[in-house]
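Scroll down for the structure; my scribbles are underneath it.
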2 protein chains.
Amino acid sequence: MTHIKQYSVNDLLKRFQLNVTDSRKKILQLFLNQPEALAHADIENKAGEKIDRVTVYRTLQTFVDKGLIPSIPTADNSIRYALCKDDCSEGHHHDHHVHFVCEQCEKTACLDEVNVPEINLPSGFKKEKIEVVISGICKECS
Amino acid sequence: MTHIKQYSVNDLLKRFQLNVTDSRKKILQLFLNQPEALAHADIENKAGEKIDRVTVYRTLQTFVDKGLIPSIPTADNSIRYALCKDDCSEGHHHDHHVHFVCEQCEKTACLDEVNVPEINLPSGFKKEKIEVVISGICKECS
DNA sequence: GTAACTGCAAAATATTTGCATCCTT
DNA sequence: AAGGATGCAAATATTTTGCAGTTAC
């Protein structure tokens with residue numbers, strides 16, 4: 001299993017068939033630096049010099065489309081994004097992810113080390129992707 | 001296990017300590033009629049005579065706060081709401097729900113009959129609630 | 001050089017708030 | 001009667017779109 005952080009920002013972008021641009025490098029770097037998931041607003045602010053709001057929207061959309069980062073569903077409307085640690089660059093993410101949302105510090109983390117057990121669906125349903133969102137108290141807050 | 005649909009709209013509202021009002025009855029009735037989850041816009045339209053947008057926001061918020069309906073996380077920003085079939089009126093929902101989003105018809109259903117297997121978190125994490133969202137093709141579309 | 005990406009302005013949507021009025025208990 | 005709920009108007013916030021200028025390959 002290859003760890004995604006061993007790649008440079010440039011490599012990663014190329015691997016995902018994206019042109020290498022300043023905004024993309026800055027935004028991707030943010031994800032590499034941060035263990036927790038980022039919401040749109042976080043990205044706009046934290047990225048050193050401010051990146052245009054519209055560019056952030058478009059960049060995130062592109063990243064998600066190309067499979068570089070998954071978007072994490074949350075029950076409270078705020079979409080978050082986070083790199084998962086495993087290398088999924090061959091075009092296929094795992095078909096499931098476990099994310100943890102801390103109710104105290106509000107941080108979201110991708111728990112790559114946790115396995116999602118098999119879930120049996122009623123007949124007729126065909127599953128493609130499983131997202132698991134666990135909320136509770138994280139390691140730092142407990 | 002008590003099935004939620006055996007209750008009348010009025011009973012349900014009372015059980016959840018909510019005043020019985022027209023808007024609430026109409027909106028709750030929608031959920032009782034529909035197996036699939038509803039997004040905000042659905043509710044505004046489908047409710048017979050249109051309900052004021054603001055009232056819909058406030059009513060949904062109230063329902064979620066009181067535990068009458070859970071909100072379903074989705075990766076694509078659109079929050080959805082759906083009654084789950086089991087009676088959770090004693091103030092405690094199950095700590096997990098399985099929802100299924102069909103990639104074809106876009107409908108979301110709550111799969112009460114599916115069990116979420118135990119998931120072991122790394123030490124230090126304390127779990128409160130598990131949401132599982134499975135996407136794929138539903139029974140009707142396959 | 002060409003196609004793709006950015007940034008600004010503006011449009012379109014979505015959500016929240018204040019407040020006067022009406023309804024439930 | 002009193003507190004809660006509604007509906008309208010308006011304030012905010014969020015997301016999308018168009019387009020001209022710039023950049024990556």
Side-chain angles (χ1 to χ4, degrees), chain A residues 7-31 37-69 71-81 106, chain B residues 8-31 37-69 71-81 106 108:
Chain A
Y7 299 115
S8 70
V9 167
N10 285 47
D11 282 350
L12 270 176
L13 288 172
K14 280 180 198 149
R15 267 167 173 272
F16 283 86
Q17 313 189 300
L18 291 162
N19 285 346
V20 176
T21 70
D22 281 355
S23 318
R24 286 175 184 171
K25 283 195 285 187
K26 277 186 217 152
I27 295 175
L28 186 50
Q29 189 61 60
L30 274 186
F31 283 109
L38 299 169
H40 181 95
D42 299 327
I43 294 162
E44 244 182 276
N45 301 324
K46 288 191 183 171
E49 320 93 85
K50 274 213 164 50
I51 298 181
D52 186 72
R53 186 187 306 269
V54 178
T55 301
V56 175
Y57 277 113
R58 288 195 275 223
T59 303
L60 288 175
Q61 188 57 58
T62 306
F63 284 1
V64 172
D65 287 348
K66 293 278 181 174
L68 177 50
I69 56 171
S71 69
I72 305 171
T74 57
D76 69 333
N77 199 19
S78 62
I79 324 177
R80 300 186 169 230
Y81 305 85
E106 294 272 301
Chain B
S8 71
V9 167
N10 286 45
D11 282 350
L12 270 176
L13 288 172
K14 280 181 198 147
R15 268 169 171 268
F16 282 86
Q17 313 187 299
L18 291 162
N19 284 348
V20 176
T21 70
D22 282 353
S23 318
R24 286 175 183 172
K25 283 195 286 187
K26 278 187 217 153
I27 294 176
L28 185 49
Q29 189 62 59
L30 273 186
F31 282 108
L38 299 169
H40 182 97
D42 299 328
I43 294 161
E44 247 182 272
N45 300 325
K46 287 192 182 168
E49 321 93 86
K50 272 212 163 49
I51 298 180
D52 185 71
R53 188 186 307 268
V54 177
T55 301
V56 175
Y57 278 111
R58 288 196 274 224
T59 304
L60 288 175
Q61 188 56 58
T62 306
F63 283 3
V64 172
D65 288 348
K66 293 279 182 175
L68 177 49
I69 55 171
S71 69
I72 305 171
T74 57
D76 70 333
N77 200 19
S78 60
I79 324 177
R80 306 197 163 218
Y81 306 85
E106 296 272 301
T108 302

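Please read these numbers as outputs of a predicted model, since none were measured by experiment. Residue numbers start from 1 in every chain, and the chains themselves are labelled A, B, ... in the order their sequence lines are given, proteins ahead of strands.
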| task | Given side-chain contact (heavy atoms from CB on, under 4.5 Å), test B/Leu38 with B/Tyr81 step by step and report yes or no. | result | CA-CA 5 Å; B/Leu38 299 169; B/Tyr81 306 85; 5.6 Å; no
| field | Rounded distance (Å) that lies between atom P of C/dC5 and atom CD of A/Gln61 | value | 13 Å
| request: Using whole Å, report how far CZ of B/Phe63 lies from P of D/dA5. | output: 11 Å
| said: Can you see if the side chain of B/Arg53 gets near the phosphate of D/dG7 - specifically, an N or O under 4.0 Å from OP1 or OP2? | reply: no
| query | For C/dG7, does OP1 or OP2 lie under 4.0 Å from any side-chain N or O of A/Thr55? | reply | yes
| Net bend of the helix from C/dG1-D/dC25 to C/dT25-D/dA1, end axes of five pairs each, nearest 10 degrees | 50°
| query | Can you tell me if B/Thr59 uses its side chain to pair, donor with acceptor, with the backbone of B/Thr55 under 3.5 Å? | reply | yes
| field | Heavy-atom protein contacts under 4.0 Å, nucleotides 19-25 of chain D, coded B base, S sugar-phosphate only, - none | value | -----SS
| task | Output, in order, the C-alpha distance, side-chain angles, deciding distance and verdict of side-chain contact (heavy atoms from CB on, under 4.5 Å) for A/Val9 and A/Lys26. | result | CA-CA 9 Å; A/Val9 167; A/Lys26 277 186 217 152; over 6 Å; no
| request: Look at the side chain of A/Arg24 and decide which nucleotide, out of C/dC8, D/dT14, C/dC5, has an atom nearest to it. | output: C/dC5
| How many angstroms lie between CZ in A/Arg15 and CG in A/Asn10, if you round to the nearest 0.5 Å? | 13.0 Å
| request: Could you tell me the separation between the OH atom of A/Tyr57 and the P atom of C/dG7, rounded to a whole number of Å? | output: 15 Å
| remark: Side-chain contact check for A/Ile51: nearest option of C/dG7, C/dT15, D/dC8 is C/dG7
| query | Do the non-hydrogen side-chain atoms of A/Leu60 and A/Ile43 ever get within less than 4.5 Å of each other? | reply | yes
| field | Test applied, side-chain contact (heavy atoms from CB on, under 4.5 Å); reference residue, B/Leu13; option that passes from B/Thr21, B/Leu18, B/Asn19 | value | B/Leu18
| query | How close or far is atom P of D/dT16 from atom CG of A/Leu60, stated in whole angstroms? | reply | 11 Å
| task | For B/Tyr81 and C/dT15, give me the distance from atom OH to atom C1', rounded to whole Å. | result | 11 Å
| said: Can you measure B/Asp42 atom CG to C/dA14 atom P for me and round it to whole angstrom units? | reply: 12 Å
| said: Any heavy-atom pair between the side chains of B/Leu28 and B/Leu68 that's under 4.5 Å? | reply: yes
| query | For B/Asp65 and D/dA5, what is the distance between atoms CG and C1' respectively, to the nearest whole Å? | reply | 15 Å
| Just by distance, do the side chain of B/Arg80 and the backbone of B/Ser71 share a donor-acceptor pair under 3.5 Å? | no
| query | What nucleic acid atoms does B/Ser23 come within less than 4.0 Å of, heavy atoms only: base, sugar-phosphate, or nothing? | reply | sugar-phosphate
| field | Residues which pass salt bridge (Lys or Arg N to Asp or Glu O under 4.0 Å) with B/Arg53, listed by chain and number, not counting sequence neighbours | value | B/Glu44
| request: Specify the separation, in whole Å, of atom CG of A/Asp52 and atom P of D/dT15. | output: 14 Å
